[in-house]
There are 2 protein chains.
Amino acid sequence: MYWNVMYIRIMNKSTLYKGCLEPIIMRLLKDNGRMYGYQITQMVKEITKGELQITEGALYPLLHRLEEQGVVETEMENIGNRVRKYYTLTKAGKKQTSIAMDELKIFMQSLNLIVNPKLA
Amino acid sequence: MYWNVMYIRIMNKSTLYKGCLEPIIMRLLKDNGRMYGYQITQMVKEITKGELQITEGALYPLLHRLEEQGVVETEMENIGNRVRKYYTLTKAGKKQTSIAMDELKIFMQSLNLIVNPKLA
DNA sequence: TTCCAATACATAAAATAATTAGGTATAAAT
DNA sequence: ATTTATACCTAATTATTTTATGTATTGGAA
């Protein structure tokens, strides 16, 4: 017999990172090589001390899109009775990640110029 | 007689700042007191050396929403035969801007923790 | 040993926020 | 004279995310 359990989800502390999610994930994959979805959400939460929390509804469709586009490739791994789906950057994906990181840095610098105009 | 002229618009160098536009505008209004729409687009372009370019389609509806919400108030000014619409933060708007700036800073720090994990 | 929380995947509807593409008009520069 | 810059605006579309689901296994606490 199976009972569906409701979980309360408090995931969005900020809506600021629209558009930044993709480069964030690419960066993590670049640093850590091989990751699965749930691991990505946990690592982001840990690194940012809970400030950035990725919702599954944003993450999984994005990962699937990146796979479609050839940015990442996947392999399944059986953990007991459960299946994990690991994601790795492809060669093309690594190139794209470098470009994305350059763009992200420029964006962050630009943001900083606006928020901290004195430090220009 | 009137001829409609087509302008070529190249405005989006990055789609990263979705969600950041509102705090950016609030920050500029806090720093500069009284600004009109076009001036905001030009200042952002100038400060960021052309990296961030706000489209009018994003800016004006956002400014109107901020006015509706009581974050900003407006006054018209006649410049020759033309009308300028100046925006100023309300008292409530200034408070909200402080909060938005705190959030933005935390967001930027979080981004930095992900992009520069060694500097943690 | 039963229940809850955590792990682990996924999708669909709705909301949000931007781009793209138009429209109108004045003033300055070429 | 014509183009570019200034200055406002809106609507349709696109993109991205939240919210709300659904399914299922595993580990720990009561």
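In what follows, every chain begins at residue 1, and chains take the letters A, B, ... in the order their sequences are listed. Note that these values count all heavy atoms, side chains included, but never hydrogens, waters or copies made by symmetry.
Per the geometry, OH belonging to A/Tyr38 stands 8 Å off P belonging to C/dA6, to the nearest Å. Distance CG (B/Leu59) to P (C/dA17): 15 Å, rounded to an integer number of Å. Here C/dA18 presents its P atom at 7 Å from CG of B/Leu62, a figure rounded to the nearest Å. Taking atom CZ of residue A/Arg65 and atom P of nucleotide D/dT14, one finds them 16 Å apart after rounding to whole Å. Straight-line distance from the CG atom of A/Leu52 to the C1' atom of D/dT17: 13 Å, rounded to whole Å. Rounded to whole Å, atom P of D/dC8 lies 11 Å from atom CD of B/Glu77. Residue A/Glu56 contributes atom CD, which lies 10 Å from atom C1' of C/dT7 at whole-angstrom precision. In this structure, B/Gln42 places its CD atom 14 Å from C1' of D/dC8, rounding to the nearest Å.
Residue pairs satisfying the side chain to side chain donor-acceptor pair (under 3.5 Å) criterion with at least one member in residues 92-101 of chain A, sequence neighbours excluded, are listed as follows: A/Lys30-A/Ser98.
Remark on DNA chain D: of its neighbouring residues B/Tyr36 and A/Pro61, the 5'-side contact belongs to B/Tyr36, judged by nearest-heavy-atom nucleotide.
Among all heavy-atom pairs drawn from B/Gly37 and B/Leu63, the shortest one is CA-CD1, 4.1 Å. When all heavy atoms of B/Pro23 and B/Gly19 are compared, the closest pair comes out as CD-O, 3.6 Å. A/Cys20 and A/Phe107 get closest at one heavy-atom pair: SG-CE2, 4.1 Å. In terms of heavy-atom proximity, A/Ala58 sits nearest to A/Leu21 at CB-CD2, 3.7 Å.
When distances run from any side-chain atom of A/Tyr60 to the nucleotides D/dC8, D/dT17, C/dC9, the shortest one goes to C/dC9. Nearest nucleotide to the side chain of A/Arg84, out of C/dA8, D/dT6, D/dT10: C/dA8. Listed nucleotides D/dT16, C/dT7, D/dT17 differ in distance to A/Ala58; the shortest reach to its side chain belongs to D/dT17. Each of D/dT19, C/dA8, D/dC8 was ranked by its minimum atom distance to the side chain of B/Lys85; first place goes to D/dC8. When distances are taken from the side chain of A/Leu21 to each of C/dT11, D/dT10, D/dT17, the shortest belongs to D/dT17.
Note that CD of B/Glu67 is 10.5 Å distant from OG1 of B/Thr90, once rounded to the nearest 0.5 Å. The CG atom of B/Leu29 lies 5.0 Å from the CG atom of B/Leu89; values are rounded to the nearest 0.5 Å.
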For nucleotides 27-30 of chain C, print each protein N/O atom paired with a nucleotide N/O atom at under 3.5 Å, atom names and distance only.
from	atom 1	to	atom 2	distance (Å)
C/dA27	OP1	B/Asn81	N	3.0
C/dA27	O4'	B/Arg82	NH2	2.7

